[in-house]
Structure formats: structure tokens, C-alpha cells
Amino acid sequence: MVAGLIVLRNPAAIFRAELWAEDGTEFFRTALLHGFSSLWMPVFGYQFFLSRLVAWVATLLPVVATPFVYAGGCLVLNAVSVGYFAREGFGWLVPGWTRRLLLCCLFAIGPGAGEVFLSLCNLTNSLALLALLMLLEKPHRLSGWKIAALLLIGVSSGHVVVLVPLMLFLAFRTGDRRYLFLTIAIVPILLGNVIGNHHSAGATGFTEYSKLLVAPHVVLKNFVARLFFVPFLGPHRSNVLMERGHVLFWVLGAAALAGLFRVLRRTRVDREAAVFLGLSFGLTVGTFGIIVVTRAYVADIVQRNILWDIRYSFLPGVVAELIWMWLFLAWWRDRDARRTLAAVGLLGMVLVAGNDLRRWRHVPERPDAHWPVSARSIQRVLDQRARGELAVATDVSGIRMHPFGTKFEWLTVTIPPSVPPRSS
């Protein structure tokens, strides 16, 4: 069902698959030129192992199949990530399989989902969601396969850095040393990402360490806005409130936080669930602090805009939807809680769902880039190389790919010459 929703929302990405952004400039080109060794090549300092793996597998097939392999591989991983919440291990947060399935459907069309799904370059977002859900799932006891899966995600998604505090919290809460082992194993991967990003900063100009001073403000603003304002006001009105009613925004935000804490203390809701969800939301919103520092080209926009429909909103958006569903169910089950609290929770959930549905068609445009034509040009040169007829490196240019909207970016792929046979 989740996979069907993803396809239904963006059918062109599956049925007329074409290269999208770094899918072409990084994954396609590097897999074509470097083959198996491309699996370990970073992108802007970060490891993308699973994205690289899908790209390498695609090189074993005719070139024309490449973007379809990308889209199909992403669809499987996207659907697994979003649909994972339907498992029984999440009954302690949202009881009832049908309710959890409803949430999975909302995750599939939530904030930023239109950009996140069906592309290798954005696969890191849904993989980070899968890692978060694996940590939240009960029983809180790490199996061997979970440790292996989380490590695999660690070398595939830089977003996992924000989940390290949750791993440490679970190690403390459960006394299970396997969480500590997982953290120790993950930290070198994340340090490698940080060091790689630092070294690539000179070439890309993306990293601005001076933004570390504004990162806490950005995180707090997004925490308040995404949990309390956007579900009720929508992203546009929330942006207006943040820009024109700055004082009012913080006064109302402080009142909303204080009210939520007071209600949680006075009702018999599951305190453990409240702690885990609050921590998860805070950590996922923390990605905006990282973005401000490591993505200079959007830093100013992130500081003043809620950025609701792009990939950065996906993780905190999913957790916010989960929180509102949990609040509604928790307050409704608590006999001492007033029904008005449950009504507020239900209203928040309905409005969140409404925001998602209104943005059903908010997906990146994909005008026809005539990929089969480009694929034939590349395949012709690759066939020459395979026959030993390519004497010099040859550029295949004029490959159209999608960076954004209706504009195309032109990609050039350099095919190395044929490898001469070894002399006996």
C-alpha cells in the first residue's frame, strides 16, 4: 500500500524514469567509470554505500535500464523504511495495526516526501527514518541483524549522526551493552563523514563554521514551529508569523511548550513514550542545525523559512505526525484527562493530514528528458570499448537530466579507452 502511494504520487519517476540531480552527476557517472570501487567513494565527504550499490548494480544492465533500476531500488527501500512502522513492535506507541498503517500512509505523503522518494541522492532521508524506527521498536533489545542493518545504514546515511544521543540514551535506559557497542561502531563512520565534509568544504564552499552560533536558534525555532504552529496554521501562515510577528511567535511557542509539559505531568500518559518521542523529535529537528553549517547555499533560507516541502522536512515531519497521533490516543485512553485534550490531539492529527493531502501534487516536475536517446549514445561508446575499439577517452555530452523543475542540466560522461589485452 505504501509503495502504491509513493508511485501514485509521482508516477513519472517510475514509469518514465530519468536521471535526477546527483543521481546523474555523482552516482551514474562514478559507477560507470569506476565500477565496484565506486562503492566506497564519498559524495561531499559523506558515504552513500546503499545508493552506490544500487548504482553499481545498474551498470550490469544496458544503460537504458539505469534510471529504472535506481527508481525501483529506491522504491523498495523507501517503502520498507516508511512501512516499517506497521510492525507490532510499535504497538506501545500507537496500538492497533490499522492506525499504524494509516500513519505509514501519512509518512508516505508527508512534508518533503515528494522530493525524498525515488532518487538515490535523497535515499539518506528514508534510511535515517528506518534507523530511527529500529531504535524505537520494542523490545529494546538489539539483535545481530539489527546491529548489522544499523551499521549498513550508518555507511549509507550521514543523518544517522543525530541518532547517536538516542543510542546512548537506550544504552543507559536498558543497560544493554549492545547499544554501547553500536555507538562505538557508528562513531568512527560519523567522524569520517565529518572529516570528509571538512576536506570537501574547500572545493564546494558549502561549509560555514561561523553558522554554529545561529544553529541552536534555528533548531529551537523549528522545534516550536513544526510541532505547534504548522499543523494548525500551515507552513505559509507559520512563515508569516515567524517573520512579521517574531515576538508573538516566541511568546505563543513558550506558552505551548509550557502547556504541553504541564498536561503531560498531570495526565497518566505513558511517560516513557513521551520521553522517547520528545527526544526523537528534538534530534531530527537538529538536522536543521547541521544544514545551516554544512549547506551554505540554503543557510539564510533555513534561518527565516520553514521549508516545508523539501527533503529537510521529512524526518521531523514524520516524527511530528507520530507525536500528534500518540497525543490523541494517549489522552483519549487516560480517564483523568479531559476529552477536550483528546479533541485537540485529534484536531492536530486531522490538520497535519490535511496539510499533507493539500500538497499531494507538490512533487518535483519531470518533463521528458528523452533518456532513451541519451542512453543510446552512451551505450554505443560502451559497446565500442567492450569490443576493444575505443582508442582514446571519449566524451558523451548532451545528456539531459533534472536538477529542478522544468529546467534541465546537461551532463557529460567521459568513457575511458579500451583496456588492451595482457600480453602472454
Side-chain angles (χ1 to χ4, degrees), residues 20-22 25-26 43-46 110-117 119 121-122 124-126 128 157-159 161-162 197-198 200-201 203-250 252-253 281-320 352 355-356 358-359 361-365 402-407 409:
W20 178 268
E22 285 89 352
T25 57
E26 292 292 340
V43 181
F44 302 138
Y46 298 101
E115 185 178 355
V116 163
F117 295 138
S119 65
C121 58
N122 291 319
T124 56
N125 295 273
S126 57
S157 173
H159 290 79
V161 65
V162 300
N197 180 263
H198 173 76
S200 69
T204 62
F206 289 169
T207 301
E208 289 187 15
Y209 293 113
S210 62
K211 296 293 185 180
L212 283 168
L213 298 176
V214 302
H217 174 264
V218 169
V219 171
L220 181 59
K221 181 179 69 175
N222 275 277
F223 185 98
V224 172
R226 292 172 185 278
L227 190 58
F228 298 115
F229 291 110
V230 179
F232 295 94
L233 300 179
H236 175 70
R237 293 188 183 91
S238 297
N239 280 331
V240 172
L241 180 61
M242 285 191 299
E243 292 178 8
R244 301 180 186 175
H246 192 68
V247 175
L248 181 62
F249 170 83
W250 286 112
L252 292 177
F281 186 65
L283 293 176
T284 54
V285 171
T287 56
F288 285 95
I290 297 174
I291 290 162
V292 166
V293 176
T294 62
R295 292 292 178 266
Y297 57 90
V298 293
D300 291 337
I301 302 174
V302 173
Q303 287 179 244
R304 67 177 188 272
N305 192 291
I306 201 66
L307 294 181
W308 190 251
D309 280 326
I310 66 173
R311 57 191 179 276
Y312 305 133
S313 294
F314 180 69
L315 280 175
V318 164
V319 182
V352 165
N355 281 331
D356 291 349
R358 281 204 307 272
R359 285 169 163 70
R361 303 308 299 175
H362 284 216
V363 295
E365 295 181 61
H402 298 282
F404 11 54
T406 57
K407 298 179 181 178
E409 183 173 311

Take L220 and W250, measure what side chain to side chain contact (heavy atoms under 4.5 Å, CB included) needs, and give me the verdict at the end. CA-CA 10 Å; L220 181 59; W250 286 112; 3.8 Å; yes
If the condition is side chain to side chain contact (heavy atoms under 4.5 Å, CB included), which residues does V218 pass it with, not counting sequence neighbours? N222, F288, V292, V302, Q303
Residue list, side chain to side chain donor-acceptor pair (under 3.5 Å) with H217, at least two apart or on another chain: none
If you look only at distance, which donor and acceptor atoms sit under 3.5 Å apart when one is on a side chain in residues 229-243 and the other is two or more places apart or in another chain?
residue: R237; atom: NH1; partner: L233; partner atom: O; Å: 3.4
residue: S238; atom: OG; partner: V230; partner atom: N; Å: 3.4
residue: S238; atom: OG; partner: G234; partner atom: O; Å: 2.8
residue: N239; atom: OD1; partner: I306; partner atom: N; Å: 2.8
residue: N239; atom: ND2; partner: P235; partner atom: O; Å: 3.3

What one should report as the nearest heavy-atom pair of Y46 and G158 is CD2-CA, 4.3 Å
Might you point out which heavy atoms bring L213 and P216 nearest each other, and give the distance in Å? O-CD, 3.8 Å
Residues passing the ring-ring contact (aromatic ring centres under 6.0 Å, His included) test with F314, sequence neighbours excluded, are F117
Mind checking side chain to side chain donor-acceptor pair (under 3.5 Å) for T294 and listing every partner two or more places apart, or none if nothing turns up? none
Kindly state each residue pair satisfying salt bridge (charged side-chain N to carboxylate O under 4.0 Å, His left out) with at least one member in residues 297-313, sequence neighbours excluded. E115-R311, K211-D300, D309-R359
Report the residues that fulfil salt bridge (charged side-chain N to carboxylate O under 4.0 Å, His left out) with R295, sequence neighbours left out, ordered by chain and then residue number. none
Minimum heavy-atom distance between S313 and R226, given as atom pair plus value: OG-NH1, 3.2 Å
I'd like to check the side chain to side chain donor-acceptor pair (under 3.5 Å) partners of D356; sequence neighbours left out, ordered by chain and number. none
Please name all residues satisfying side chain to side chain contact (heavy atoms under 4.5 Å, CB included) with T124, sequence neighbours left out, ordered by chain then number. F48, S157, H159
Validation row: L252, F228 side chains within 4.5 angstrom (heavy atoms): no
Suppose we screen for side chain to side chain contact (heavy atoms under 4.5 Å, CB included). Which residues come up paired with V219, at least two apart in sequence or across chains? V285
Can you name the side chain to side chain contact (heavy atoms under 4.5 Å, CB included) partners of T284, sequence neighbours left out? L132, F281, L315, P316, V319
